[in-house]
Structure formats: structure tokens, C-alpha cells
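I have placed the structure first, in the form of C-alpha cells, so that the comments after it can refer back to it.
We use all heavy atoms of the structure for the numbers below, so side chains are in, but hydrogens, waters and symmetry mates are not. Counting convention: from 1, in listed order, for ligands and their atoms alike. Just so it is clear, the model here is predicted, and its values are computed rather than measured.
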Amino acid sequence: MPQNIAPPLIRKIILEQSFRAHVGHIGSALSVSDIIAALYSSVLKITSPNDPNRDRFILSNGHTVLALYAALYLRGWISETELNSYCSDGSYLGVHPEHRVNGVDFCTGSLGQGLPFGAGAALAARFQQSSRRVFVLLSDAECNEGSVWEAVMFAAHHHLSNLIAIIDLNGQQALGYTKNVLNLHPMTEKWKAF
Ligand SMILES: [Mg+2]
């Protein structure tokens, strides 16, 4: 059942958990809050984490995971106790997502791997004649990775219309502005070319 997951609620949890655990990629997580809120409020067709035909979501920029934990908590897929275990000893909730977390299908964190995972998952859905879709969220700087473009070529070749890539085009990365580190402009045209 869709429910309203407002971006301010996600941002509040990101700040609370980062403060409590003294760890977290705060800026990156805040940057994807609106995207995650939209996905988990109304875009993703998801009822239960155990439904084999639910849409898949892959957080390729895994370091933003606090936003995802917040959405999974607000969705009721992880408990408050689990949320509050973020980055504690023995917790599944670390600084990058693990597939052991309810609703997380792929471990991510090594940048450039989410879209290849997603292309495979989209092809698998076709083979299984499932209507499920695969959404992949990437950071803009992650598009520096060659594996992203290999996956785009693969997806275009196989006409994977059930694969949706979303890029958080915030223009920033760890070492500075993306336009200065490795210019990605014009991003839209690059993707359209495939
Ligand atoms: Mg960025």
C-alpha cells in the first residue's frame, strides 16, 4: 500500500542517525532524499519485500544508504530498533547497503556496479516473464566509471525497457565539482545516444 514518505522525514532521520552514530555520508544522503521519497511513496510497485514480482531498487551510490534506511523504516520494512542499530557492532545496517537488510537485493558501495546488476536483473525479469521493473540510482560522478557505460550498451542492445536509471545530477563529488574533476557535460545527450 503506497504511503506518503515526505523528504523532510527522510532528512530528519539522516541527521539523527549520523549524529547518533558519528558516521555517515550526510551530504550525499541528503542529496538523494527527494528521489528516494518519490520512489518509495508512489513510483515503486512494492507491497512486501518478499513479493518476487515487486519492483527492484538498486542504490548504486551505496554511500547514500541512510536515505534508503529511512525509507525502509518509514515503509515498515525495518524496525525502529534496527534503524537505531545503524553502524553498531553486529548490525546489518552499515555505511553501505547489504542484501541481508529487508528490501535490499544487492550489496553496493563499489561505484559503477549498480547498473550492471540492474541490467542483469532486468534481463532476468524478462526471462521469468515478470512485469517487475528495475530502478537504479546512480550519482553523477559515478558515471566516471566505465562499467556504467558498458551496462548502458548492454541494456540498449537488449532493449531493456524495464530498466530505469536515475542520476543524482548534483554536480559535486568527493574531490570537487564534477565539471572540474571529469566533465560529464552534456549528460542527457550522452545517455540519449544509447
Ligand atoms: Mg555527485
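Residue side and main chain included, N61 places no N/O/S atom under 2.8 Å of the Mg ion (ligand 1). In summary, no N, O or S atom of Q173 is located under 2.8 Å from the Mg ion (ligand 1).
Classified by interplanar angle (parallel below 30°, tilted 30° to 60°, perpendicular above 60°), the ring pair W77/Y40 is perpendicular.
Closest to the Mg ion (ligand 1) among the N, O or S atoms of D140 is OD1.
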Test log, rule ring-ring contact (aromatic ring centres under 6.0 Å, His included), inputs F135 and F57: CA-CA 5 Å; F135 292 77; F57 174 65; 7.8 Å; no
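Between R20 and E16 there is no salt bridge, since no side-chain N of the basic residue sits under 4.0 Å from a carboxylate O of the acidic one.
Within the 3.5 Å criterion, the main-chain N or O of N170 finds a donor-acceptor partner in the side chain of D140.
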